[in-house]
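First up is the structure itself, then whatever we jot down about it.
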Amino acid sequence: MKIPSYSSPGSAEWTRRRFLQVSFTTGGALLVGACSGDHGEATDASAPVTDTAGATAATAATTTTTEGSSPPATGPPSVSDSPFAPNLFVRVDTDGQVTLTVHRSEVGQGVRTALAMILADELEADWESINIEQALADVAIGSQTTAGSGSITDNYQRLRQAAAAARTILVRAAAAQWGVEAQTCHAEQGHVVNGVTDERRSYGELVQIAKDMPLPGLVELKSPSDFRLIGTSVPRLDGRAIVTGAATYGLDERVDGMLYAVVARCPVPGGTVVKFDGEEAEAVAGVKSVVAVPSGVAVVADNTWAAIRGRERLTVTWDEGENAQWSTATIDAALNDIIDTSIAAAGTATATATEGLSIEARYETPFAAHAAMEPVNCIADVRADSCRIIAPTQNPQDVQSYVSDAIGLPTEVQVTLIGGGFGRRLEVDFAIEAAEVSRAAGSPVQVVWTREDDFALDFCRQPTKHWMRAEWDAAGTVTSWRHYLAAPGLNGIAYRAGADVLNEGLAIPYSIERRTSQPSLADIPLPTGPWRAVMAGPNAFANECFFDEVAAALGRDPYELRIELLLDGDPMRAVLELAATSAGWGADVPVGSGRGIACHEYHEVPVAMVADVSVDGRAIRVDKVVCAIDCGIVVHPDMVAQQIEGAVAFALTSMFKAQITYDNGRVQQRNFGDHPLLGIGEMPVVEVHVVPSDGKPRGVGEMGVPPTVPAVANAIFMATGRRIRRIPVES
Amino acid sequence: MADVTVSINGERRTFSADVDMPLLWALRDLLDLRGTKFTCGVGACGACTVLVDGAPIRSCSTPLSSVDAEVTTIEGLSSDGNHPVQQAWLAEQVAQCGYCQPAQIMTAVALLAEHPQPTDEEIDAAFVGVLCRCGTYLRIRRAVHLAAGR
């Protein structure tokens, strides 16, 4: 198949797309939607809806058609080379090319492939010959925000509906051509087959007729037993481009006349330029200009290295602003102060506790950087009356609205392949900045962030402090559980959130009589933003480790106690059991080794992990992580495994290798030397077990993060007797 | 600025550049070879790995002036993606975002030239400085073994 293209479908025909009407039968059955701005709820995928009213209409149309006559005229005649494009997701051109449009960002999670599989399967397209286009920012296509591991959940049904509608029209078009009833024909791998004569028409041959046919009112979805692609691990669409170096990430994009820029930004977030001297910078060969922008001073050159060298010769005086007061010590003090105040206000601990029937513990996590391999970057091309952004963005619609507001021009946003997102690419800062640099420079420009820039102004996962307390009665029944949390919210541009974001993963699923979760927002305005699994990581760390502490205090097996305290219908029970069984939980663990268990449900996906570690002095080695997950219908099985493996590695970096600290408002970590990532020699074996399910398809991208750290921490306790209550673990 | 000549993927390329420019930026910005990636710029992550005379080097930290042998980049491995290491990478479904994979692949090519049947320990030693944030390490190891014919 063709290498997937990122070109925009900018032709006149594209603006003549017709949209499916959203409609319901009187029986309240299936809607044919998918082109308004709604997300489309994922309904029960196993319930096909038969097309009754629509079929009648088609039959009526075809009975008046005789062989060789022109197709029934419905609506205004179309241009002869215009494609068949009944909705924003499916297009068949007159040359026969079938193009599927993907509208979520590929950050490595495989969404381009998975969404294309859903479309292609329902359409009965020939997978080997389809073309894939990445949608420009366009609210008409629905949410393009790639976050929350929600792309398949949000789009499974609506994409199937869109593809089924296209397939239905194509079948009717062929039936009309043959003068037979549509029910006697069926779609098969890019063709419509006449069930009686075995004649075949390719979709391309049907374009002229199909594009003038009315949209169906209702469509019938495939039975899952007829899936050819969904449920199989097809090779990633971008795979060949990746291994040949042809894959084009944001940083690899080029536009005519483009210059390269790096921006000097205040080392303290939020600081501003007082004055600057660009004379020496401009003297560097290749540097074209030095321009001020709201975020700092841009050095613009005809190649990246000249821009970087030019910036080294820039002199800037900064007004560091309010954030200069923050250092890790003052941040910690502020968070601890909130916790201490909450504890005092609760008046707990002393009055009701009976000696030996309660435990308390404090947990904490630091700022965590995204550190994707592709550094932040963005292309902007600002002209007199328009702006174009080409960006590795997880959030093109917010980029479009924020940039057009900032620049005051209509803005087109093209989404590129992304070398790792993890939530950093949800923010819009780098796009606004690039537009301002382009405007100031009077040229299309690619703003490149060096690794130092990336660390200095990341929107990190926020630091957290947790206080945990549990009480039990003489019979060993846990009667009370408290989780007090202090943390900043999300302090970004597109992503700003208060205490509500702290609730993610805060409540435990265990049946304990008195459970108190108290999140308290800290007013620390350093930049923070969505990081893989957001607050579920820190909250699961505290919850699942403290649960282990409670189990130990009670002399109970932590797996058994979880099973006992989970409600009967909780799908986590089956997942825990699968993980425990697969890992051989309960077997003896050799001296010098430890085994720990943890579980967390994130966005309706229960995940359990059993981790094995071995220790040698203070050195800890994570040997193996066994994971069980229930994510409903699986579109691409191997991608589930990939995402769990990746999430384990991602979480282990935050557990053992790196953190972000501040000193006088400045991030102290400059490059990978002081912020190492997990390397190949530190990667545990990861085994993934997926609970077979025909439930609605749910996500996997973030799901492996929350249980990893507590499972490993609990294993370390078994091996060493040492409780891990903060990360990164000090060796 | 000087006229620089480098032999890349079997082709002599002559272009105008400062001889201090790291090979990485010459490849990406002057020679239209963008398969080699920029990630850290200080030789700490391996994403910029290319082969010089068959040995892996960090092109972000290698000035043009010190390049005196044949350079092989990811684009030079094959005309059609059919190099055995590329094929092994596809068979094992190694890549997630894929950004670091050209570097991983070049590292594998160099390793297999020296150690046609590497052990896991030899693989880990060769790949120690080539980071992957997506965590594809287990599959990298499997793909190296597959390419080695095991």
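So that the names make sense, note that chain A is the first sequence line, chain B the second, and so on, each numbered from 1. Scope of the values below: all heavy atoms of this structure, side chains included, with no hydrogens, waters or symmetry mates.
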Among the options [options], pick out the one with the most heavy-atom pairs lying under 4.5 Å from chain B.
{"options": "A:Trp449, A:Phe650, A:Phe672", "value": "A:Phe650"}
{"options": "A:Met639, A:Glu682, A:Met683, A:Arg451", "value": "A:Arg451"}
{"options": "A:Ala306, A:Ala371, A:Gly421", "value": "A:Ala371"}
{"options": "A:Asn377, A:Leu678, A:Val448", "value": "A:Leu678"}

Under the criterion side chain to side chain donor-acceptor pair (under 3.5 Å), which of A:Glu645, A:Arg236, A:Gln642, A:Gln643 is the partner of B:Gln96?
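Only match with B:Gln96 under side chain to side chain donor-acceptor pair (under 3.5 Å): A:Gln643.
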
Between CH2 of B:Trp25 and OH of A:Tyr260, what distance do you get to the nearest 0.5 Å?
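If I round to the nearest 0.5 Å, the distance is 9.0 Å.
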
Output the distance between atom CZ (B:Phe38) and atom OG1 (A:Thr304), rounded to the nearest 0.5 Å.
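So the gap between those two atoms works out to 8.0 Å.
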
Interface moiety of [X] toward chain A, non-hydrogen atoms closer than 4.5 Å:
{"X": "B:Leu131", "answer": "both"}
{"X": "B:Gln104", "answer": "neither"}
{"X": "B:Gln86", "answer": "both"}
{"X": "B:Asp20", "answer": "both"}

Worked verdict on A:Ile680 versus B:Arg141 for side-chain contact (heavy atoms from CB on, under 4.5 Å):
CA-CA 9 Å; A:Ile680 190 170; B:Arg141 238 190 252 124; 4.0 Å; yes

Smallest separation among heavy atoms of [X] and [Y], with atom names:
{"X": "A:Leu677", "Y": "B:Arg133", "value": "CD1-CD, 4.0 Å"}
{"X": "A:Ile242", "Y": "B:Pro102", "value": "O-CG, 4.0 Å"}
{"X": "B:Tyr99", "Y": "A:Pro375", "value": "OH-CD, 3.8 Å"}
{"X": "B:Met21", "Y": "A:Asn303", "value": "CE-OD1, 3.4 Å"}
{"X": "B:Cys97", "Y": "A:Val107", "value": "CB-O, 3.2 Å"}
{"X": "A:Arg254", "Y": "B:Arg34", "value": "NH2-CD, 3.4 Å"}

Side-chain contact test, heavy atoms from C-beta onward, threshold under 4.5 Å: evaluate it for [X] versus [Y] and give yes or no.
{"X": "B:Cys45", "Y": "A:Met373", "value": "yes"}
{"X": "B:Arg28", "Y": "A:Leu251", "value": "yes"}
{"X": "A:Glu374", "Y": "B:Thr39", "value": "no"}

Derivation of the side-chain contact (heavy atoms from CB on, under 4.5 Å) call for A:Thr244 and B:Glu75
CA-CA 6 Å; A:Thr244 58; B:Glu75 293 92 342; over 6 Å; no

Select one option (side chain, backbone, both, neither) describing which atoms of [X] are under 4.5 Å from chain B's heavy atoms.
{"X": "A:Glu452", "result": "side chain"}
{"X": "A:Val234", "result": "backbone"}
{"X": "A:Asn671", "result": "side chain"}
{"X": "A:Pro684", "result": "backbone"}
{"X": "A:Ala651", "result": "neither"}
{"X": "A:Val686", "result": "both"}
{"X": "A:Ile308", "result": "side chain"}
{"X": "A:Ile418", "result": "backbone"}

Carboxylate-amine/guanidinium proximity below 4.0 Å for A:Asp252 and B:Lys37:
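Yes, charged N to carboxylate O under 4.0 Å.
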
Under-4.0 Å salt bridge between B:Asp18 and A:Arg309
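Here B:Asp18 pairs with A:Arg309 in a salt bridge, since their nearest N and O are under 4.0 Å apart.
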
Heavy-atom pairs under 4.5 Å with chain A - which of B:Gly41, B:Ala47, B:Pro22 has more of them than the others?
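Heavy-atom pair counts peak at B:Pro22.
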
So B:Cys134 and A:Phe422, side-chain contact (heavy atoms from CB on, under 4.5 Å) or not? Walk me through it.
CA-CA 9 Å; B:Cys134 295; A:Phe422 314 118; 4.2 Å; yes

Just wondering, more than 12 heavy atoms not from B:Glu114 lying within 6.0 Å of its CD?
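Open: at most 12 neighbouring heavy atoms sit under 6.0 Å from CD of B:Glu114.
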
